[in-house]
Amino acid sequence: MAQRDYYEILEVTREVSDAELKSAFRKAAMKLHPDRNPGDPEAERRFKECNEAYSVLSDANKRAAYDRFGHAGVDGQGGGRGGFGGFQDAGDIFSEVFGDVFGEMFGGGRRASSGPQRGQDLRYDLQISLEQAFTGAEVPITAATTQACEACDGTGSRGGGQPSVCQGCNGHGRVRASQGFFSIERTCPYCGGRGRTISDPCRTCHGAGQVRKERTLSVRIPAGVDDGARIRLSGEGDAGQRGGPRGDLYIFLSVRPHDIFSRDGLDLHCEVTAPMWMAVLGGEIDAPALCPEGLKSHDSDACKAKVRILEGAQTGDVIRVKGRGMPSLRGREHGDLMVHIRVETPVRLNARQKELMHELADSWSDLPKHHPHHETFFTKAKKFWDGVTGGSE
Ligand SMILES: [Zn+2]
Ligand SMILES: [Zn+2]
């Protein structure tokens with residue numbers, strides 16, 4: 001039997017653009033689809049023909065070969081297979097051409113089974129501040145999840161009618177095809193394995209029975225959460241299929257690095273700078289601390305921790321403030337606040353101040369007594385230098 005010209009089949013010119021080709025095929029497939037023409041062998045034959053023509057012309061390489069050599073150029077690629085063989089790529093072509101619209105109706109649900117199916121779990125990445133982790137918070141998020149389509153009551157059928165049993169597989173969702181000696185069972189290309197098809201798809205959801213919608217949810221962040229925590233919002237994921245339950249929404253929390261505090265388990269660490277004179281004489285200093293009132297009252301006393309600097313404090317000294325760390329997720333205890341002291345050397349001294357410093361320096365009759373680290377350092381250094389000299393002899 002002589003094969004018809006592919007351009008003729010799709011009723012397009014040889015100069016047709018990809019977009020025009022797609023729309024011509026869409027039109028023909030809508031018209032000739034077996035679900036619309038049950039028991040019409042002529043429609044089925046032409047449907048296969050269109051399918052084959054499109055599978056060749058939509059592929060730039062195959063189209064070029066076909067333009068040069070005709071059917072001989074693409075033999076065994078798009079055409080020539082009898083029976084169901086010519087259908088085997090139908091699902092792929094449908095989802096490619098019609099995307100979600102047709103894909104959902106015929107091919108998109110190829111992984112789907114015909115029974116109820118639980119909706120997808122979704123992931124939402126949420127970054128919170130350390131303050132929010134400390135006090136706990138209600139954080140509104142906007143997540144796009146699928147909802148049952150209201151226009152068709154989730155059936156996908158216009159007017160809410162029930163989908164009909166698929167003609168391609170009699171509702172089994174699978175079809176058998178003979179290829180030579182082999183009989184291969186595969187997902188039904190008409191219904192994508194659902195066993196049901198929709199002849200008059202809902203205009204709102206295009207037959208999917210679901211629509212993707214943005215929803216605003218309030219996420220309750222418990223006090224004490226740490227970086228990497230997950231919160232499960234049960235039933236807030238995608239809608240299920242065919243009466244299946246909704247999936248869950250998982251909130252993946254991360255805590256933004258803080259300018260002042262770093263966290264280690266339940267303990268918080270921060271650094272305070274002490275002026276030299278205070279480090280020498282001792283004194284009291286306000287360290288920043290997280291407070292239950294949160295961000296609202298950062299200058300109130302609640303967000304400070306009084307720290308006693310002892311006489312002779314050194315850079316690197318750590319002062320522990322009990323109970324001012326993070327709250328534990330379970331229970332009422334808090335970690336501690338570890339205040340790291342950094343002693344600052346004064347700069348830009350005036351003549352008088354320098355004079356005083358000189359006076360002070362001249363007053364050390366017994367330097368090591370007042371500078372214990374200095375003494376330790378020089379003992380070590382001397383050993384090192386002696387070692388180097390010894391080794392080179
Ligand atoms: Zn089917
Ligand atoms: Zn709908």
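In each ligand, atom 1 is the first atom listed, and ligand 1 is the first ligand listed. Numbering starts at 1 and runs along the sequence shown.
Here the straight-line distance linking atom CD of Q147 with atom CZ of R215 works out to 5.0 Å at 0.5 Å rounding. Considering CD of E131 and SG of C291, their distance stands at 8.5 Å, rounded to 0.5 Å. Put simply, CG on D317 and CD1 on I319 are 7.0 Å apart, with the number rounded to the nearest 0.5 Å.
The residue from Q210, Q120, R212, R246 that alone fulfils the side chain to side chain donor-acceptor pair (under 3.5 Å) condition with D238 is R212.
Between F47 and Y190, the ring planes lie tilted relative to each other; the angle falls in the 30° to 60° range.
Looking only at atom types and distance, the side chain of T142 has no donor-acceptor partner in the side chain of E214 under 3.5 Å away. Of the N and O atoms on the side chains of R196 and S164, not one donor lies less than 3.5 Å from an acceptor on the other residue. In this model, a donor atom of one side chain and an acceptor atom of the other lie less than 3.5 Å apart for R63 and Y7.
Excluding waters, the protein N/O/S atoms found under 2.8 Å from the Zn ion (ligand 1) are C166 SG, C169 SG, C188 SG, C191 SG. Protein atoms that are N, O or S and lie under 2.8 Å from the Zn ion (ligand 2) are these: C149 SG, C152 SG, C202 SG, C205 SG.
Salt bridge absent: D121 and R123 never bring a charged side-chain N and a carboxylate O closer than 4.0 Å.
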